[in-house]
Amino acid sequence: MKPENPFLLERSLVVGVVDEAPGVKTYTLRLSSSYSAEPGQFNMIYIYGLGEVPLSISSPPLKRGSFTYVEHTARAVGAVTGAILSRVSTGSLVGLRGPYGRGWPLREAEGRDLVVLAGGIGLAPLRPVIKCVESSRDAFGRLNILYGARSPEYLLYKYELEEYARIPNTKLLLSSDTASPSWSYHVGFVTDLIEYIDVDVGDSVVFVCGPEAMMRTSVKKLLNRGFRSDQIYVSLERRMRCGVGVCGTCQLGHYFVCRDGPVFSISELGEYFWIEGI
Amino acid sequence: MKKLMLEFKKLLGDPVFLGYKRGSTIPVFDEIRSISELPLEISDVQKPGKYEIVEGFRFRHSHSSPKWYLLPPEQVILTISPSYDAIDSGVSEGRRAVLFGVKPCDLKAIAVLDKILLDKHPVYTAKRRGIVGVVVEECMEPGGTCFCASVNSGPIVESGFDVAYARLDKETLLLKPGSDIGRQVLKSMGLERASSEYTELYKQMVGRAIDSMKRKLPDLERAQRALRGLASSQEFWEEISKKCIGCGNCNYVCPTCFCTEFIDRVGENHAERVATWIGCLTYTYGLVAGGHFRKQLYMRYRHYTLHKFLYYPLQTGGLLGCVGCGRCITWCPIGLDLIENLSRVLKVKNVEA
Ligand SMILES: Cc1cc2nc3c(=O)[nH]c(=O)nc-3n(C[C@H](O)[C@H](O)[C@H](O)COP(=O)(O)OP(=O)(O)OC[C@H]3O[C@@H](n4cnc5c(N)ncnc54)[C@H](O)[C@@H]3O)c2cc1C
Ligand code: SF4
Ligand code: SF4
Ligand code: FES
């Protein structure tokens with residue numbers, strides 16, 4: 001009997017590209033209609049001859065006719081992401097497999113308040129959360145969105161960001177590490193905004209994604225504000241080769257981040273979250 | 001031995017035999033075509049950082065292991081065209097095979113790999129599902145770096161095999177069945193029931209084998225508790241790993257290490273996606289553009305140790321990632337000794353307590 005091969009790729013057509021920030025673009029990919037994914041899951045994107053990278057799914061999958069469309073926001077940092085930014089454009093093909101991983105526990109958030117806290121490209125995996133809350137607004141309590149970047153030009157989704165403030169019962173707080181003339185929001189770290197969170201601390205959940213240092217500071221501050229470790233969720237990055245729990249390279253303690261995560265509660269992570277290089 | 005092979009052949013419809021194959025140098029795990037290819041007339045001498053083949057009849061193992069077959073150093077997982085069509089899914093049905101003369105520790109290692117990879121990794125699964133028979137050689141004289149008795153994986157086997165044999169001396173084999181197939185094989189070989197003289201000798205030899213293993217973990221559970229307590233102690237891990245050079249040899253020779261990375265091998269009109277072994281002790285393991293998840297060697301050494309003794313049990317429903325074969329000690333160019341390190345763990349914890 002021949003086992004199934006989880007490494008088969010689906011050929012996917014790029015149907016749209018948007019410039020987000022320096023070195024960052026969002027791609028719309030067309031997939032077969034059977035594709036579906038949950039907020040916080042990721043795909044492996046393959047560029048012929050170069051390799052695969054894990055990328056978060058940055059929009060809720062959209063079914064139209066005989067296809068499903070998903071977005072990915074990619075930042076050029078190395079070989080494969082560099083090739084995506086420089087070579088992939090509308091009409092290009094890429095290989096794709098997924099979705100993988102355990103996403104944000106939206107169920108857990110139902111009926112409660114929700115804080116979305118993102119730094120830089122960390123908003124990508126959280127954008128589907130915001131869109132899901134928007135489309136089933138009554139299922140959730142208050143929504144607080146805290147988002148910051150190095151400078152205003154590095155914010156993602158600028159074309160829709162301010163609309164998040166118009167979602168009913170929603171507070172949008174933005175920050176930029178550096179000041180600029182047209183910037184009317186907070187100047188400083190996104191973690192400064194934790195002070196202004198306006199939710200029922202005892203009955204809420206917090207989703208955090210950003211650079212690891214930012215997530216650690218965030219979690220410390222959130223714990224100080226009275227959130228419990230089982231209310232705080234983070235999405236972790238590790239070097240991933242397979243995405244399906246067999247290559248071992250994404251291990252964090254006994255977890256396979258690709259399969260058991262990438263989203264974990266701080267209580268699940270325990271000391272793994274704090275020990276450097278574990 | 002020949003008869004044993006023949007009976008398996010007859011009963012299982014001509015499978016291939018896989019075992020430690022004698023070559024001009026060190027035996028490697030491979031297809032065995034005739035009995036003369038088995039390492040029956042050699043012994044290995046193993047010490048920290050040393051390995052030698054001499055005349056004798058006590059071959060234990062080499063740098064190689066059944067992993068070489070089940071999860072080879074390179075696995076083609078997909079062949080793809082520039083327009084992203086799959087040319088070859090890379091996975092074919094595994095050959096019908098009998099593992100012949102594998103060691104108790106090898107068997108345990110396969111049980112560990114099964115928990116992680118079976119029905120998940122296509123190459124491993126295909127090959128593993130093709131294994132139709134298992135013949136184990138029990139160790140009456142463990143090797144110089146072996147410590148299987150400390151981690152419950154040797155020197156004899158109780159389950160998971162068809163036939164196990166022990167070489168009481170160069171000429172005398174004591175065989176035991178471990179399954180219906182095994183019973184059938186032994187029956188058709190027309191063997192006599194061993195007299196109590198032999199079974200007594202066997203028991204004595206097993207006892208001596210266990211006693212002869214110099215490396216011992218007096219109390220595994222205590223060591224595990226101590227390791228848990230030491231996870232965040234940078235100082236301790238720096239101290240324990242200070243001689244390690246991060247070559248990854250220990251990972252590659254370890255029969256349960258399964259980590260791989262994927263690379264693209266580009267041909268004229270296709271690319272092969274190839275999974276290749278990568279050891280967590282090596283620098284590139286956690287390296288990413290603009291960062292590193294285990295930059296310092298002590299972090300990598302810590303993960304290696306904790307994976308084997310704390311994390312595997314959580315990933316496999318209780319099995320240790322260490323089977324006590326001692327390969328990591330023998331094949332470490334520095335001769336770093338895992339068991340000595342673990343003993344230090346206990347000492348450090350004692351001092352603190
Ligand atoms: C679950 C998850 C979701 C992610 N989502 C996004 C996203 O939405 N947008 C985005 O821009 N980036 C995302 N990343 C990071 C992204 O995968 C890396 O930036 C990318 O893999 C870099 O690959 P490279 O070939 O360009 O870099 P190189 O460093 O040249 O690649 C070498 C190898 O390292 C791996 N690698 C490098 N950096 C990382 C990293 N930070 N994390 C994991 N593997 C890495 C690559 O896959 C490749 O195999 C995500 C990572 C993970 C684990
Ligand atoms: S010890 Fe290292 S190389 Fe071996 S399986 Fe664990 S993480 Fe992989
Ligand atoms: S074989 Fe020895 S030196 Fe090489 S990585 Fe392992 S412990 Fe370190
Ligand atoms: S990416 Fe391979 S095990 Fe997680």
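Given the structure is predicted, the values throughout are model-derived calculations rather than measurements. All values below come from the heavy atoms of this structure, side chains included, with hydrogens, waters and symmetry mates left out. Labels below follow one simple rule: chain letters A, B, ... track the order of the sequence lines, proteins then strands, and each chain is numbered from 1.
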Inset, instruction - Determine, for A/E276 against B/K295, whether the closest basic-nitrogen to carboxylate-oxygen distance falls under 4.0 angstrom. - result: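 Looking at A/E276 and B/K295, the cut-off is not met.
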Quick check: closest heavy atoms across [X] and [Y], and the distance to 0.1 Å?
{"X": "B/R228", "Y": "A/E271", "value": "O-OE2, 4.2 Å"}
{"X": "A/V246", "Y": "B/F258", "value": "O-CD1, 3.4 Å"}
{"X": "A/R11", "Y": "B/D85", "value": "NH2-OD1, 3.1 Å"}

Is it the side chain or the backbone of [X] that comes within 4.5 Å of chain B heavy atoms, both, or neither?
{"X": "A/E10", "value": "neither"}
{"X": "A/F256", "value": "side chain"}
{"X": "A/E4", "value": "backbone"}

Legend entry - Rounded distance [0.5 Å steps], CD1 in B/I263 versus CG in A/L50: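 Answer for the CD1-CG pair, B/I263 versus A/L50, is 12.5 Å.
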Legend entry - Nearest-0.5 Å distance that lies between atom CD in B/Q234 and atom CD1 in A/I275: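 If I round to the nearest 0.5 Å, the distance is 11.0 Å.
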For the residue pair [X] and [Y], establish whether any side-chain heavy-atom pair is separated by less than 4.5 Å.
{"X": "B/D119", "Y": "A/P3", "answer": "no"}
{"X": "B/L314", "Y": "A/Y255", "answer": "no"}
{"X": "A/C247", "Y": "B/C259", "answer": "no"}
{"X": "A/H254", "Y": "B/L310", "answer": "no"}
{"X": "B/I278", "Y": "A/T249", "answer": "yes"}

Inset, instruction - Look at the side chain of A/R239 and the backbone N and O of B/T284, then say whether any donor-acceptor pair between them is shorter than 3.5 Å. - result: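 Checking the backbone N and O of B/T284 against the side chain of A/R239, a donor-acceptor pair under 3.5 Å is found.
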Inset, instruction - May I ask you to decide if B/I77's main-chain N or O and A/N5's side chain share a donor-acceptor pair within less than 3.5 Å? - result: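 Yes, A/N5 side chain to B/I77 backbone: donor-acceptor pair under 3.5 Å.
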Of the listed residues ([options]), which shares the most heavy-atom pairs with chain A below a 4.5 Å separation?
{"options": "B/G130, B/S81, B/A275", "result": "B/S81"}
{"options": "B/I116, B/T125, B/V288, B/L287", "result": "B/L287"}
{"options": "B/A271, B/P313, B/G286", "result": "B/A271"}
{"options": "B/L117, B/L306, B/I80", "result": "B/I80"}
{"options": "B/H307, B/H270, B/R273", "result": "B/R273"}

Contact winner vs chain B - [options], heavy-atom pairs under 4.5 Å:
{"options": "A/G82, A/G95, A/G78", "answer": "A/G95"}
{"options": "A/G253, A/G248, A/G245", "answer": "A/G253"}
{"options": "A/T81, A/I278, A/D260", "answer": "A/I278"}
{"options": "A/V94, A/L252, A/V244", "answer": "A/V94"}

Legend entry - Enclosure of A/Y272 OH (heavy-atom neighbours >12, cutoff 6.0 Å):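 Enclosed.
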Legend entry - Atom NZ of B/K120 with >12 non-hydrogen neighbours under 6.0 angstrom: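 More than 12 within 6.0 Å, yes.
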Legend entry - Output field: ring centroids B/F262/A/F7 closer than 6.0 Å: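 When the ring centroids of B/F262 and A/F7 are compared, they turn out to be within the sub-6.0 Å range.
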Legend entry - Verdict with reasoning, A/Q251 to B/Q315, per side-chain hydrogen bond (donor to acceptor under 3.5 Å, both in side chains): CA-CA 11 Å; A/Q251 286 175 86; B/Q315 293 168 346; 3.1 Å; yes
Inset, instruction - Using the test side-chain hydrogen bond (donor to acceptor under 3.5 Å, both in side chains), find all partners of A/S86 that sit at least two apart in sequence or belong to another chain. - result: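 Not a single residue meets the side-chain hydrogen bond (donor to acceptor under 3.5 Å, both in side chains) criterion with A/S86.
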Inset, instruction - Check each atom of B/H303 against the heavy atoms of chain A and say whether the ones under 4.5 Å are side chain, backbone, both or neither. - result: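 B/H303 touches chain A through side-chain heavy atoms alone.
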Legend entry - Residue pair B/D264 / A/Y48, side-chain donor-acceptor N/O under 3.5 Å: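 Their side chains do not contain a donor-acceptor pair, so the 3.5 Å distance test is not met.
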